[in-house]
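Predicted model, so just to flag it, every value in this text is computed and none were measured. Whatever order the structure lists them in is the order used to number ligands and atoms, beginning at 1. Computed from heavy atoms alone, side chains included, the values below leave out hydrogens, waters and symmetry copies.
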Amino acid sequence: MAYENILTDKQNGIATITINRPSKLNALNKQTIQELHDAFESLGHDAEVRVIILTGSGEKAFVAGADIAEFANFSVEEGAQLAAQGQELLFDYVQNLRTPVIAAVNGFALGGGLELAMASHFRIASDNAKMGLPEVSLGVIPGYGGTQRLPQLVGKGRAMEMIMTAGMISAEEAKNYGLVNHVVPQAELLDFANGIAQRIMRNSPTAISQAIKAVNANFEDGTNGYKVEIKSFGKCFGTEDFKEGTTAFLEKRKADFKGN
Ligand code: COA
C-alpha cells in the first residue's frame, strides 16, 4: 500500500512502521492517523509478521503531538469527535492488536506522540528522548487516552504532575518512572528494538496474543481480568503451538512455532 506520511518495512518477521513527517516533527494529522491504522491493520493480519516496531523518522522526534494546526479552530463537537475517532482508529486499535507493538521512542514524544507510545505494548527510548503531555499549555487536555494510560504506567501522582505542569521528562526519568523499559544511545535504538523483537519471536505467537488480551483485560472497565486469563489459558490448549511447545520441551529441542 502506498502511504504519504509513514514508511513500512518487513524483514524476517519484524515489521517497522516509521512515522515520516520530519518537517512537522512527525505530528499526527488526520491522514497520518488513518495511514497508521491501515498499516497496523494490514501488518496485524499478516501471519509472517511476529512483532511490529513503531518509530519516528529523523533524529529529533518520535512524534511531537497531534497536529495543532489542524484542530486550532475546532468547535466543542469537533474536538470530542477528534478524540473519539483517534482513540478508536489508532490508540485503542494498537493497544488491542494481537501482534506485539514496541514503541522505539527516538526523540520528542509529546502529547499524541506519548499517547501513541503508551498505547503500544511497551516502550524503549533513545537517550535524547523527551516525553510529556503539554496539552494544558494549549488550553486543552490529552484526548488520545493520555489521562488514562499515563497514571496506569507511572502512578496517579506522577501523571498528575506531568499533566498539570505540561513539562517534559528525560529518557532516564521516564525509565525511573517505568514509562520506558530501556534507554539506549540513539544510534543503537532500532538494533536494540530488533534484539527484543527476536527474543519475542522465539515464543508462541498464539500464546503471546492471548497474553496481550489477558493483560489488557486488567485495565478494562467492567471486565474481570482473572476470568479472561482463565479463558485465554484454556484456549492455548487447543493450539498447535501448545502441542509443539510442550513436545519440543519434552524432546529437549527448540520449539518451532507456526502461530496456529
Ligand atoms: N503540530 C503541528 N506542527 C508541529 C507540532 C505539532 N504538534 N510540533 C511541531 N510542529 C512543527 C512546527 O510548527 C514547525 O513547523 P514550521 O517549520 O512549518 O514552522 C516544525 O514542526 C518544527 O518545530 P519547531 O517548533 O520549529 O521545533 P523546535 O525544535 O523549536 O521545538 C518542540 C520542538 C517539540 C519543543 C516544539 O515543536 C513543540 O513544542 N511542539 C508542540 C508540542 C505540543 O504541544 N504537542 C502537543 C500537541 S496536543
Side-chain angles (χ1 to χ4, degrees), residues 3-7 17-37 54-95 103-120 123 125-154 158-174 177 179-180 183 186 189:
Y3 299 114
E4 223 172 277
N5 297 331
I6 64 171
L7 307 168
I17 302 178
T18 307
I19 302 158
N20 188 33
R21 286 182 86 207
S23 68
K24 297 291 173 194
L25 302 186
N26 303 325
L28 296 175
N29 61 0
K30 205 173 165 192
Q31 184 182 340
T32 308
I33 287 179
Q34 183 66 52
E35 289 186 8
L36 282 167
H37 168 85
L54 175 65
T55 195
S57 75
E59 291 181 353
K60 200 167 164 183
F62 174 72
V63 171
D67 193 319
I68 300 168
E70 209 176 55
F71 65 67
N73 296 318
F74 274 12
S75 66
V76 170
E77 290 73 25
E78 286 169 322
Q81 201 188 22
L82 179 78
Q85 279 178 350
Q87 287 194 20
E88 187 183 338
L89 209 55
L90 183 57
F91 298 80
D92 293 352
Y93 193 84
V94 169
Q95 173 174 284
V105 178
N106 58 308
F108 288 114
L110 303 175
L114 180 55
E115 288 172 303
L116 185 56
M118 291 194 294
S120 303
R123 292 142 291 285
S126 57
D127 50 9
N128 66 316
K130 290 221 167 3
M131 282 158 258
L133 293 178
E135 285 86 348
V136 298
S137 72
L138 299 165
V140 67
I141 67 166
Y144 289 146
T147 64
Q148 306 304 298
R149 291 192 182 97
L150 188 61
Q152 286 168 4
L153 287 162
V154 306
R158 284 166 165 168
M160 284 288 197
E161 184 180 339
M162 280 179 71
I163 291 168
M164 288 178 192
T165 61
M168 293 182 208
I169 59 171
S170 67
E172 273 307 324
E173 282 173 292
Y177 278 17
L179 186 53
V180 303
V183 177
Q186 187 173 47
L189 183 67

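Note that CZ of Phe62 and CG of Leu25 are 13.5 Å apart. Values are rounded to the nearest 0.5 Å.
The two residues Asn128 and Glu59 come nearest to each other via the heavy atoms ND2-O, 3.2 Å.
For the 3.5 Å distance criterion, the side chains of Thr32 and Glu35 fail to qualify, holding no donor opposite an acceptor.
By the ring-ring contact (aromatic ring centres under 6.0 Å, His included) test, Tyr144 pairs with Phe91, sequence neighbours left out. Considering only residues two or more places apart in sequence or on other chains, Ala83 meets the side chain to side chain contact (heavy atoms under 4.5 Å, CB included) condition with none of them.
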Could you go through ligand 1 and note, for every N or O atom, any protein N or O atom closer than 3.5 angstrom, writing the atom names and distance to 0.1 Å, or 'none'?
{"residue": "ligand 1", "atom": "1 (N)", "partner": "Ala66", "partner atom": "O", "Å": "3.4"}
{"residue": "ligand 1", "atom": "1 (N)", "partner": "Ile68", "partner atom": "N", "Å": "3.0"}
{"residue": "ligand 1", "atom": "7 (N)", "partner": "Ala64", "partner atom": "O", "Å": "3.1"}
{"residue": "ligand 1", "atom": "7 (N)", "partner": "Ala66", "partner atom": "O", "Å": "2.9"}
{"residue": "ligand 1", "atom": "15 (O)", "partner": "Lys24", "partner atom": "NZ", "Å": "3.4"}
{"residue": "ligand 1", "atom": "18 (O)", "partner": "Lys24", "partner atom": "NZ", "Å": "2.5"}
{"residue": "ligand 1", "atom": "21 (O)", "partner": "Ser23", "partner atom": "O", "Å": "3.4"}
{"residue": "ligand 1", "atom": "29 (O)", "partner": "Lys60", "partner atom": "NZ", "Å": "2.5"}
{"residue": "ligand 1", "atom": "45 (N)", "partner": "Ala64", "partner atom": "O", "Å": "3.0"}

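The salt bridge (Lys or Arg N to Asp or Glu O under 4.0 Å) analysis of residues 17-32, with sequence neighbours excluded, yields the pairs Arg21-Asp67.
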